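These numbers come from the heavy atoms of this one structure, side chains and all, not from hydrogens, waters or symmetry mates. What you see is a predicted model, and the numbers here were worked out from it, not measured in a lab.
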Amino acid sequence: MDFLAGCIGGAAGVLVGHPFDTVKVRLQVQSVDKPLYRGTFHCFQSIIRQESMFGLYKGIGSPMMGLTFINAIVFGVQGNTMRMLSEDTPMNQFLAGAAAGAIQCVICCPMELAKTRMQMQGTGEKKSSSRKVYKNSLDCLARIYQRQGLRGVNRGMVTTLIRETPGFGVYFLAYDLLTRSLGCEPEDPYMIPKLLFAGGMSGIASWLSTYPVDVIKSRLQADGVGGNYQYSSIMDCTRKSIQREGWRVFTRGLTSTLLRAFPVNATTFATVTLFLLYVRPDDGPKDCEAAPGPHHAPLQQQVQPSSL
C-alpha cells in the first residue's frame, strides 16, 4: 500500500514540477552566443507562446514511465540499508539515501536522457513548423540505441551517479534533521504542514548541494542533438563551459529548479499522506521516516512501526 501511495504521489509531483524542469534544461543548454531566453520567466513565456502550453510538458512520458521502477529501487535499497545499519541516526539516513540514489541511476540516467532530448526538440520553433525527430520517449531511446548502442543510452551515467549519490544522501539527512527539530507527533494539528515543509526544504537543500553537476549532466545529455557534438568528456564539458561563460554557468536554470523543488516535494508528500490516511484511516500517520525524493519520484515511506 505504501508503494502504491508513493507511485501516485510521485505522479502528482511530476505533473506539477515538469514545466519547471523543462525551463531548467532549456536555460542550462542554450547557446551563450545566441541565447534564446533572458531568464526563467522569459523562457516560460517563450515556450508557451511558440510551442503552446504543451511545450512545457515535452518529455514527461519518460519520468512517468521510470517512476515505478525508480520508486521500487529506492524503496527496497533505502529500507534494506536502514535495516542493515539497524540504528536510525542522521548519518545512517544519509548513507541509506546515498546507496538508494546510486543504485537507481540504472533507470534514472536513460530516463533523463530521453527527457532531455524530448525537451530540446523544437526549441525556439513554432508548434506548426516544428519537425519531430522523436515520436515519444521510447522512440527516442530506441533511436539512440540503434545509432550508439548501450553507451549512447547511458550517456551522462557518471555525472548522474555523482549527482544522485550525495543528492539523495543530503535529502535524507536534511529531512531527518528537520523532522526531528520540528517535531512530528500524531496529535499535533500542524503535523502535515511540518512534514510538507521538511520535505520541500530538504529537496531544495539536495538540489543546492549537487546543482553544478546537474548543469554538466544536462549539457552532456543534450550534446549531439542535431548531429553536432561539442564535448568529448566530463572534464572537457566543464572546461569549455567555464571558459566561455565563467563560473556563473553553474547557476544556469537554478531559479526554476528551486521554484520547482519545493512544490514538487510538497505535492508528492501531500498526495502520499492523504492517500494513506484515506485507505488506512484507522492507522493514521505515526511518524516521519521517509519522504519524496528530490529529483524525480517519491522515496517510499518505510515499513516500520513508526512509519506513515
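Hydrophobic cluster membership is shared by Val170 and Met91, with clusters built from Ile, Leu, Val, Met, Phe, Trp and Tyr side chains linked at under 4.5 angstrom. Met201 is connected to Leu254 through a chain of hydrophobic side-chain contacts under 4.5 Å among Ile, Leu, Val, Met, Phe, Trp and Tyr, so both are in one cluster. Put simply, Met53 and Tyr37 are part of the same group of oily side chains (I, L, V, M, F, W, Y) that touch within less than 4.5 Å, one to the next. Cluster annotation: Leu182 and Ile204 are assigned to the same hydrophobic cluster (Ile/Leu/Val/Met/Phe/Trp/Tyr, side-chain heavy-atom contacts under 4.5 Å, transitive).
The aromatic rings of Phe44 and Phe20 lie perpendicular to each other, with more than 60° between the two planes, well past the 30° mark.
Here the rule is salt bridge (charged side-chain N to carboxylate O under 4.0 Å, His left out) with Asp223, and of Arg117, Lys217, Arg155 only Arg155 fits it.
The closest side-chain heavy-atom distance from Trp207 to Asp214 is below 4.5 Å.
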Mind running side chain to side chain contact (heavy atoms under 4.5 Å, CB included) on Asp21 and Lys115 for me, showing each step along the way?
CA-CA 10 Å; Asp21 188 74; Lys115 174 184 70 67; 2.6 Å; yes
Could you check Cys108 against Arg163 for side chain to side chain contact (heavy atoms under 4.5 Å, CB included), going step by step and ending with a plain yes or no?
CA-CA 11 Å; Cys108 171; Arg163 185 194 71 178; 3.9 Å; yes
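Counting all heavy atoms, side chain and backbone alike, Glu87 lies closest to Met82 at O-CE, 4.1 Å. The minimum heavy-atom distance linking Thr40 with Val23 is given by the pair O-CG1, 3.9 Å. Here the closest heavy-atom approach between residue Ser206 and residue Thr210 is recorded as O-OG1, 3.3 Å.
Atom CZ of Arg239 has more than 12 heavy atoms from other residues, nucleotides or ligands within 6.0 Å. Within 6.0 Å of CZ on Phe250 lie more than 12 heavy atoms contributed by other residues, nucleotides or ligands. Atom CZ of Arg248 sits in a sparse spot, with 12 or fewer heavy atoms from other residues, nucleotides or ligands closer than 6.0 Å.
Between atom CG of residue Asp88 and atom CZ of residue Arg180 there is a gap of 5.0 Å, rounded to the nearest 0.5 Å. Taken to the nearest 0.5 Å, the CG atom of Leu173 stands 11.0 Å off from the CG atom of Asn92.
Although no hydrogens or angles enter the test, the distance criterion places no donor-acceptor pair under 3.5 Å between the side chain of Arg244 and the main chain of Ser31.
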